[in-house]
Amino acid sequence: MSSQLRLTLLYAVVCTAWILFSDSVVFLLLGNSPNLLQLVSSIKGVLFVIVTGAALFALLDREFRLREAREQRLTASEQQLEAINRTLKAIINASPIAIYLVDDKFRAQVWSPAAELLFGWKAEEIIGKTLDYVPTEQQEESSAFWKQLRAGERLPVLEITRLRKEGTPILIRLATAATYDHMGNFTGIVGLAQDITAEREAHTQLEYQANLLQNVSDAIVSVDLKARVTSWNHAAERLYGWTADEVMGKPMRDFVNTQYINSSVEALTETLYDTGEWHGEIAQTCKDGRVLSVQSSIVTLKDANGQAYGAVAINRDMTWQQELYAEMVERQRLQQDLDREQEMRTVRNRFVSMVSHEFRTPLAAIQSSADILSHYNHKLSEEKRQQFIAQIQDQVRQVTELLNDFLMLSRMEAVNVKTDLKIVDVAACLREAVESVQLSYPARKIDVDMSEGCPELALDRKLIRQAFMNLMSNALKYSTQGTTVNVTLTCSGEDVRIEVRDQGIGVPKADQERLFEPFFRASNVGEIEGTGLGLAIVRRAVEVHGGTIAIDSTVGVGTAITLMFSTPNGKAP
Amino acid sequence: MKKVLIIDDETAVLQNVGEILELEGYDVSIAGDGSEGIQLARTEPPDLVICDIAMPNVDGFGVLQALRSNPETKKIPVIMITGMRDRQIIERIMASGASAFLNKPFTRDALLETIQATL
């Protein structure tokens, strides 16, 4: 029953009651007083009107106020609701996460711009239509989800594949919730979806890189600004013997002692500060006390603002490589020794072969002369006989000479530079040699010119005198009677120079290079006898003393052979 | 009378071998080096050549090769004389087509036997 009806009925009851019972009430109250009754009867209508009017006014006023208040409240709620709606719309529109709503028939009701981007459908083409985005193979699973949501269950955030408008699959992270009307009836589902393809790829990439970092063969160690270990890969565990658990968060120097080769920790810090990186060799001690040779590359770690927050070192163990290198060097050295020995053996064999040849030739002559004398003695004239005897004597002399030279050359090989060298006055030694040679060639002139104050040299006296003698006897042997041989000793500073010059037959240019080889004789020696060892002895003698030898010769003009010795710091060579 | 050409740069040996062969009744001509020997062998082809190996310029092997490459001297037997006893040298002598070889120093008997066996 409405309040208006209630009021009208109440008013009718009051009016009827007043009409029926007002006189009785007055009579009861005032008693039997006709005057007073007369007065009251005359004004009771007015009174009634005043009382009922006032009551009616009060009632109406209250009603108006109530209505006004209700209307005001209603307007505010509507405005609030509208504001909420607008905010919600703005959120949906602005959200980078795709937001969409489907009704109980899976028809799209709300479709945010992010959903447009994610799935490819425009809001205007999908709203009101069935959303067909579940891949065939996932229809069953999707129906199960739908049933669960419908039954009021909550679903966890899913990472699933859905289809875009053009049919390409897309990996999304999807949060869902059921929606209900004011009566609590299921009306549909709201979905919040995000593309996680790139995220998944990045994650895979990160996992891969982390894995790589863990498993590379180089030790990778990062530290913070206080040199406390912030990462320590498997290779670092293997290299240093400390596990990541043992070292993480603690200063690296507490575990690994580092020595800088050709650098220092100050230089490293400065280089890192200047260039952001440092490369060098270090020696590091590992857990078991072994010292490793390590090739290290250190790079400063910086945050997005360029602020350094640590450093990462990539350390490679070079110990085994150095050992390998040392082994290789040793093997090369052995090979070289072997090669040298082989070469020496070849040279020796050749030399022995040449020596035997040189000895056999005069021996052959002796043999044949003796054979002639013994077999054909009766057929030979006395003159012939004497000739063969002389030949035997001559050949024996030659063999003896050869033997002497050969022994001299062999002795050279055995010279011990450290023990056999004595301080020698070169001038005196040279003079002795001149005198000795002069005895064999009494008719020849040897002109000697020696500068004063020559430094003393550490020499094997016998060898060097033999060398001087060989040079002089060669000069006399290959020059004609009447010409002079000049011997000059010049000294300047640390250098000592001995020159023997003749005016003899000279050495052809083509032969000069091989002139100092054992048994080599110039092509123009003709009948002049020689062993071919004289100059080989000279060269060897000079080499033993660290000197050099030079030849200046012209065929038909003469030859000059110069020996040069140097005395560093005025001492013996 | 068999003609023998002796080629050797060592005068003493050359003369003595020549002397022995002359005394044994051979017609001997002598050459002091390889080139001269090749020349002589061509102009007056001998019945036998006795040649030293170690000689300057053209050595015994050079002489042998020159003789073997010329049709006129191709078939002349050659006895090589050497002071070397290395196996390589001996093998090389055998491979080069020499008829025989003599090692220095050799006796008159060895010389004559080798010549008789070769001729």
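Lettering of chains follows the sequences in order, A, B, ..., and the numbering in each one begins at 1.
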Discussion item. Would you say that more than 12 heavy atoms from the other residues, nucleotides or ligands in this model lie under 6.0 Å from the CD of Glu382(A), or not?
Written reply: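 Atom CD in Glu382(A) is crowded, with more than 12 foreign heavy atoms closer than 6.0 Å.
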Worksheet item: What closest approach, in Å, do Val13(B) and Ala364(A) show between heavy atoms, and which atom pair accounts for it?
Response: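 Heavy-atom minimum between the residues: CG2-CB, 4.2 Å.
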Worksheet entry | Region of Phe359(A) in contact with chain B, defined by heavy-atom distances below 4.5 Å |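 It is neither, since no heavy atom gets under 4.5 Å.
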What would the table of donor-acceptor pairs between chain A and chain B look like if you include every N and O pair under 3.5 Å, whether backbone or side chain?
from: Ser353(A); atom 1: OG; to: Asp86(B); atom 2: OD1; distance (Å): 3.3
from: Ser353(A); atom 1: OG; to: Asp86(B); atom 2: OD2; distance (Å): 3.4
from: Arg360(A); atom 1: NE; to: Gly83(B); atom 2: O; distance (Å): 2.9
from: Arg360(A); atom 1: NH1; to: Lys104(B); atom 2: O; distance (Å): 3.4
from: Thr361(A); atom 1: OG1; to: Lys104(B); atom 2: NZ; distance (Å): 3.1
from: Ala365(A); atom 1: O; to: Asn16(B); atom 2: ND2; distance (Å): 3.0
from: Ser368(A); atom 1: OG; to: Asn16(B); atom 2: ND2; distance (Å): 2.8
from: Ser369(A); atom 1: OG; to: Asn16(B); atom 2: ND2; distance (Å): 2.7
from: Asp371(A); atom 1: OD2; to: Arg108(B); atom 2: N; distance (Å): 2.5
from: His375(A); atom 1: NE2; to: Arg108(B); atom 2: NH1; distance (Å): 3.1
from: Tyr376(A); atom 1: OH; to: Glu24(B); atom 2: OE2; distance (Å): 2.4
from: Tyr376(A); atom 1: OH; to: Arg108(B); atom 2: NE; distance (Å): 2.7
from: Lys379(A); atom 1: NZ; to: Leu23(B); atom 2: O; distance (Å): 3.3
from: Lys384(A); atom 1: NZ; to: Glu19(B); atom 2: OE1; distance (Å): 2.9
from: Lys384(A); atom 1: NZ; to: Glu19(B); atom 2: OE2; distance (Å): 3.4
from: Gln391(A); atom 1: OE1; to: Asn16(B); atom 2: ND2; distance (Å): 2.7

Worksheet item: Say you draw a straight line from CG of Leu23(B) to CD1 of Ile372(A); how long is it, rounded to the nearest 0.5 Å?
Response: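 If I round to the nearest 0.5 Å, the distance is 7.0 Å.
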